[in-house]
Q: 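Attaching a single structure in structure tokens format; questions to follow.
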2 protein chains.
Amino acid sequence: MQARQNAARRDAPPVDPAGAGREAALAHYDELARLGKALSSPIRLRLLDLLRQGPRSVEVLAERAGVTVANASQHLQQLRGGRLVEADKRGQQVVYRLAGSAVSSFFAELRALAEALLPEMDRLKHGLLVAEPEARAALLARVRAGAVTLLDVRPAEEFEAGHLRGALSVPLAELPARLPELPKGREVVAYCRGPFCHLALEAVRLLEGAGYRAQHLDLGPPDLGADDLVTGAAAPPARSPARAAPRRKR
Amino acid sequence: MQARQNAARRDAPPVDPAGAGREAALAHYDELARLGKALSSPIRLRLLDLLRQGPRSVEVLAERAGVTVANASQHLQQLRGGRLVEADKRGQQVVYRLAGSAVSSFFAELRALAEALLPEMDRLKHGLLVAEPEARAALLARVRAGAVTLLDVRPAEEFEAGHLRGALSVPLAELPARLPELPKGREVVAYCRGPFCHLALEAVRLLEGAGYRAQHLDLGPPDLGADDLVTGAAAPPARSPARAAPRRKR
DNA sequence: TGCATATTCAATGGATAACTTGATTTCAAG
DNA sequence: CTTGAAATCAAGTTATCCATTGAATATGCA
């Protein structure tokens, strides 16, 4: 189909002096477009972002993304066609994962570009926005210094696949019941998957309602992978399944 | 239309504990997808890559990309909708340009990701491939040292919008006639727009046929912008149209 | 004012993509 | 061998996209 497009295009106005390597060169843009196509659906982007937290089965991904299993399966296959994700069968379920840490950092760069180009991105970031780099850096410094109670409000499996050093795993649903665990006078910082994830925001709302001084860190472990802050299984999201990689287990 | 999709998606299986910030969060992926969509067509990617060489009118872009003017215009408008390019009228023609240097470097990263993920990219790179980083670095070192005759075989306007320091502008079509200008014993290095551009390859073929020792540098000025090697108007492709920017006219 | 150029607009037909539904494969467990 | 779960496949409908065509809208120039 792409070949047909190329042929059609080549007939148009070939003003180029040398028509030799043209279709070969154009083929490269077709390849690039394969990646672009993979990134052209909100659902696929959401699946990709979820996979940045670690490998997951189709069913879990579908649930988290809010789509049917069949639909998620189809999207995942498209992502696999674009070589952005890989999959292998574990028992009776298929576990998808990113094709490499480069995919995760590329996603972060796409996000950064979007925030730079599309002004509406930050604005409708649910009202709350720590977006200012200085405020975020200050927050991170406090986190790094251990001056705050750090809360990971993602599902437990995602915590286990990699989390910030010193964080406490308290999935959002459990937070109300586990409030007594948190020292009362201390500032609480909650994080989740990243800027597009609302879990930490709701945790902060909940904490403030309960009288805590709470802050929202709008980055997730995948975004802080280059930092010295991530620990657990997958700072850069799991690349090689079995090969070596004897990371110190927290 | 995206709002409608969201509504439909929200009805599906809302297993999420808190359904509060969901549609707001999903809106972010819609925004990301706008960028992805812009990158999902080979023609748009080609136009973007051409714009990395400098601002151009619709007509020129259409000709270089090998599409009709109307078609190019529509694609350019989609790019503008995705905020990747900007345009303003100069006389009776509309000059498009990248929305910022971030777009150019993002393109380079997309290309790098494609080369990392899609093995077929390098293979069919017209046979010739200097792709090995060491070889390329050595070549660049010789170029930087002025040990070679450096040839810019792009159209003259693109040379004027920015080129490698010390390069000679010899558009491919003029090369046969201007061979006498080139010292005979010296190694010649030809470059053009970047890895997907065939001009330099054909120049090398031509030069070798004429008895020269010739090499192909598979990077263009936009890719070497961070380097100290680019001179002329636009190392990072022109950002602000009228504001300041008193370009020295070559 | 009138003509030519550059670009965009609007409409068409053909191809692609998205989501749903129901059937099918594959594997583990009994 | 049967049952059930997980994932994919296949078919069908709807929506969207894409390239082409011809008209319309500027803008500069005579």
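Quick note: numbers below take in every heavy atom, side chains included, and nothing from hydrogens, waters or symmetry partners. Note on naming: letters A, B, ... go to the chains in the order of the sequence lines (proteins, then strands), and numbering restarts at 1 for each one.
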Q: Quick one: Asp88(B) CG to dT8(C) C1', roughly how many Å, whole number?
A: 16 Å
Q: The side chain of Lys89(B) lies closest to which of these nucleotides: dC18(D), dA7(D), dA26(D)?
A: dA26(D)
Q: Under 4.0 angstrom, heavy atoms only, what part of the nucleic acid is Gln77(B) near: base, sugar-phosphate, or nothing?
A: sugar-phosphate
Q: Please figure out whether Gly91(A) or Ser40(A) has its closest DNA chain C nucleotide nearer the 5' end.
A: Ser40(A)
Q: Looking at His75(A), I'd like to know whether one of its side-chain N or O atoms comes within less than 4.0 Å of OP1 or OP2 on dC19(C).
A: yes
Q: When you measure from the side chain of Ile43(A), which nucleotide among dC19(C), dT7(C), dC18(D) comes out closest?
A: dC19(C)
Q: Output all residues satisfying side-chain contact (heavy atoms from CB on, under 4.5 Å) with Gln77(A), sequence neighbours left out; order by chain, then residue number.
A: Ser73(A), Arg80(A), Tyr96(A)
Q: Mind calculating the distance between CZ (Arg46(B)) and P (dC18(D)) to the nearest angstrom?
A: 18 Å
Q: Heavy atoms from C-beta onward define the side chain here; which of dC27(C), dT20(D), dT8(C) lies closest to that of Tyr96(B)?
A: dT8(C)
Q: Considering only side-chain heavy atoms of Lys37(B), which listed nucleotide, dC17(D), dT26(C), dT8(C), is closest?
A: dC17(D)
Q: Rounded to whole angstrom units, what separation is found between the CD atom of Gln93(B) and the P atom of dC29(D)?
A: 12 Å
Q: Closer to the 5' end of DNA chain D via nearest nucleotide, is it Ser41(B) or Arg80(A)?
A: Arg80(A)
Q: Of all the nucleotides listed (dC19(C), dT7(C), dA6(D)), which has the minimum atom distance to the side chain of Gln74(A)?
A: dC19(C)
Q: So which nucleotide from dT8(C), dA10(C), dA6(D) ends up closest to the side chain of Gln92(A)?
A: dA6(D)
Q: With a 4.5 Å cut-off on side-chain heavy atoms, are Leu48(A) and Val103(A) touching?
A: yes
Q: Let me know the distance between CG of Asn71(B) and P of dC9(C), rounded to the nearest Å.
A: 14 Å
Q: Out of dG22(C), dT27(D), dT20(D), which has the shortest distance to the side chain of Thr68(B)?
A: dT20(D)
Q: Establish, with yes or no, whether the OP1 or OP2 oxygen of dT27(D) is under 4.0 angstrom from a side-chain nitrogen or oxygen of Arg90(B).
A: no
Q: In whole Å, I'd like the distance from the CG atom of Leu47(B) to the P atom of dT7(C).
A: 13 Å
Q: What integer distance in Å separates Gln78(A):CD from dT16(C):P?
A: 14 Å
Q: Which listed nucleotide (dT8(C), dA18(C), dC27(C)) is nearest to the side chain of Ala70(B)?
A: dT8(C)
Q: Locate the shortest heavy-atom distance separating Leu50(B) from Ala65(B); write the atom from each residue and the value.
A: CD1-N, 3.9 Å
Q: Using the ring-ring contact (aromatic ring centres under 6.0 Å, His included) criterion, which residues pair with Phe107(A)? Sequence neighbours excluded.
A: none
Q: Using every non-hydrogen atom in the two residues, find where Arg64(B) and Arg46(B) come nearest and quote the distance to one decimal.
A: O-NH1, 2.7 Å
Q: So if I take every side-chain heavy atom of Ser73(B) and compare against dC9(D), dC19(C), dT7(C), which nucleotide ends up nearest?
A: dT7(C)
